[in-house]
Amino acid sequence: MSAILSAEDLNDFISPGVACIKPVETLPLQDPQKQDNAYEVTTEEKVTEQSHPPAQISLTDCLACSGCVTSAEAVLVSLQSHAEVLNTLDAHPVIEPSRLLRQYVDGATQTTDEGVGDLDEDGRLFVASVSPQVRASIAATYNVSEVEAGYMIDHLLGARDGLASGGRYGNSFTWIVDTNAMREATLVLGADEVLNSLGQPLPPLSPTSTQNPLTSSPPKPPILTSACPGWICYAEKTHPHILPHLSRLKSPQALTGTLLKTVLSQRLHIRPEQIWHVAIMPCFDKKLEASREELTDIYWRPSSSASIPASTRSPVRDTDCVITARELLMLADTRGISFPSLPRTPLDLTQRPPFPDPVLSSFLFPPSPRSTRAQDPSAGTSGGYLSHILSTQLALHPNATLTTTRGRNADVTDYTIHAADGTSLFRAGRYYGFRNIQNLVRRLRPPKQGRSRMPGARVPVKSELGGKGMEYAYVEVMACPGGCTNGGGQIKGSDVREDVSAKEWLGRVDEAYFSLSEAESEGEEHEGGGRVDGQEHSLPQRSEKAPAPPTIRTILTHWSTSTGIPLEKLAYTSYRSVESDVGKEDRSGAQERVVEIAGRIGGGW
Amino acid sequence: MTTSSTAGPVSITLLSSLAEPSLHHTWLTAAHPTQPLVATCSSDKCVRVYSLKTSSHLSTINGGHKRSIRTCAWKPGLKGENVIATGSFDATVGIWRRWDNDLSLRRSDVKMSEEDFTGANGNGNTDEDDDDEWRFAIVLEGHESEVKSVSWSAGGNLLATCSRDKSVWIWEEMGDDDYETVAVLQEHEGDVKCVSWHPEELLLASSSYDDDIRLWREDVDDWGCVSILRGHESTVWAVEWEGVKSTAQGTSSTENPGIRLASCSDDQTIRIWRKIPKEKGPPQSKLSIIRSGSIEEEWVEDSQLPRAHVRSIYSIGWSKNTGRIVSTGGDGKIVVYIEDQGSWSVLAENDGAHGVSEINHVCWAHMGDNREVIVSTAEDGSVKVWAI
């Protein structure tokens, strides 16, 4: 008990998760003969001679385990790197979609869904998706516009003078899509989800159907944004009580992945694992999102279609790999390509094979760069979920006004829609950054649970904060202060110039992010939301029609009917609580032992 | 000035042992900011409040935490009520309230015998028993691992907490028992051992297993690290600010041009750090105008105290009255240092102050009649009061 009487080396720090604690199911069998001689001295060499089968611990095991969550996450993140992109490009011959399409038209492959035979068995179809925040980061770095940054990325990933200029097969990405396409779908469905949770009628999904199928069990209000993987991981590990509030919608990255894998595998008659989808994202945690089992083909593939029994196939991710803006530059560098020298003009589209679905082709590859309200300054830097929901609600209430109140810091904002007579119709909030998330989750904690944390305590002075009504219908939650343009994977200002502060730099990235909406707003087909940077005003230009263009609903219906997969399976996902022990439950044995041992080796606590 | 570890003519003499002690090990004893009261936290999940005047047990905080209570702090600036924040290995921080009732004064004035202090007193006001108890007000959750230290800002509206999860959190009391997280500071690379607010400025110091000390201030609407104090070669167990000099003394004094912080470490050193005031001759009023966007501050290691410990130094106290520093640690010694003309020497030391037990904590406390004492808290559960 006393260091004076005990060991010399005192070290109180027991790292919470250096070692994997997952019990390995198949313990290595030892050769019984070798244990015969009880008196034999075992040497180091003999120990290593025993050949143990390698322990098999899957990534899903890791995600579900609390023992070394952080080290498991580190592994997941490191498995998706720019090197992994190059390795994959070099490991497989490319599948030429034009050839598959021709064969499909000829009817030659009608009988099989196993691709076109042995020739392409090992082949891969490479597709990429790029987030607008990454384009903004590149734009700020090279002082180009967001659109030009997009062209540079297209050239790197898809042109002959890009990645295809090197490597074993000279491979490159056949299609490069903008995640803003599917973001529009998430905005429309996200607003529907809020309508549904408030019991407001949903618009029909398509002109031909009167019903919107997405009416089953909406999340509990307030609905919280679920597109931020950092926030989701934290909530699942630490605050299971908020899981019922999470929007069930997939993120734009996940939805893009599902779209590409479902449509391409069906139209081209190849297996999902033959399509390799890389997403370029502003955020490292998107790699964790890509690793979620909920975002693999086992959640959507039709059970009847696979000729191989589903149980023997391992899940195929909808997004196989995520790299960040910084890693994109490393990717170019590793291939010996000067990123800033890449052309700032559109790719030669005659080189690109037609996307094997004309409806989706015009949706994914619009003739001019997509102008989206999501990148309006009032929508923030994280995709504009809240902004779209507010304009949807405003459209429901003529003469209503929107009041914006800044919270205790720049990352907290309150939004209230008031009727003309002043009654409050709708409340929403924006909470960015870990510290503000703390205050949100505390308020959402059920009062009972809050009190039970101090079971034997004397009379509580008052009940938990949960008693204070949380009238929000929706809260846009992002883990990064400043939102997604400030993601951890973005190029840092200090990488570019020494004299630029982090704040100034973020301002420049934001400016690039919003530049598209300013440049293109003239020709916008749907009405823009009002700016919410003032104290109180109504959104101008409110239109009679729903703020979302009906084309999105048509596209979603087309996607579902043409693939034969219900839209719920395509667009929705789920969450699960990941048990974390520390400070949560009474870890009877292990915890006490650790305490005891630590106490013994010194007063380090 | 001297490297001698032998005690000078001054000695550290035992006044009393606080009774009844915890039967489990005790971590820390926090002195009340104005009254002759101390609160001792123990691994038996209790905090015991003692009167220094009578050396006896007055009240107990219990029933809240699931694991050892590692740390506690009295909220400053209150009248009529006492508030204690507790930090536990169960990863939570508790806030506890108790009506003052002048209980300590009443008891110390009466100087009653021991049996009066464990329950309701002879007046039999059992109906008001609850008023004599510590009431659990709120639990602050957020840390993911053991809480190691808590500290109230001078104004009492901010509470800093730190944990083995490597983070420092700042909480603000928005109203009665309504706390909001205002900052989560995650720059430390190891277990954060100690947090301490400057006695006047909104300046927070934290020390860690990563051997660093970090200083934090609010910048616009977020908290940021303004300086990293590097020099210790092992875990920095504790940090303690120098008291703020009275203004008359402060303006005339040229010896201490910057605010100072003391730190103690597993490397067996105690270091004094000093802020270099922003250079430039003109008076301070101009500096604030010139102040650039950068919030960085320049801090230097001012001096090291004479080496007197042979094991890890767990705790230090810097007297706000006399400017003396007291230290203790794994070697079971209590050492008092005195500064003269910017040079530190050992004033007195006591070897084996708690027998063979390690001493986890030491602090200065007021006896009430202008007398300052040292309170030491040992691994074996004993808490002793010393005079110098």
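Letters go in sequence order (proteins before strands), and every chain restarts at 1.
Rounded to the nearest 0.5 angstrom, A:N409 CG and B:W223 CH2 are separated by 13.0 Å. Residue B:E180 holds its CD atom at 10.5 Å from CG of A:L440, rounded to the nearest 0.5 Å. Rounded to the nearest 0.5 Å, atoms CD (A:Q438) and CG (B:L140) are 11.0 Å apart.
Side-chain atoms of A:R435 do not come within 3.5 Å of backbone N or O of B:T181 as any donor-acceptor pair. Remark: the backbone N or O of A:A410 is paired with a side-chain donor or acceptor of B:D221 at under 3.5 angstrom.
Here the closest heavy-atom approach between residue B:Y179 and residue A:N439 is recorded as O-OD1, 4.4 Å.
Using a 4.5 Å heavy-atom cutoff, the side chains of B:E144 and A:K237 are not in contact.
Crowding of B:K75 atom NZ: a count of heavy atoms from other residues, nucleotides or ligands under 6.0 Å exceeding 12.
For B:D222, the parts sitting under 4.5 Å from any heavy atom of chain A are the backbone and the side chain alike.
Using a cutoff of 4.0 Å between basic side-chain nitrogens and carboxylate oxygens, B:E141 and A:R442 are not scored as salt-bridged.
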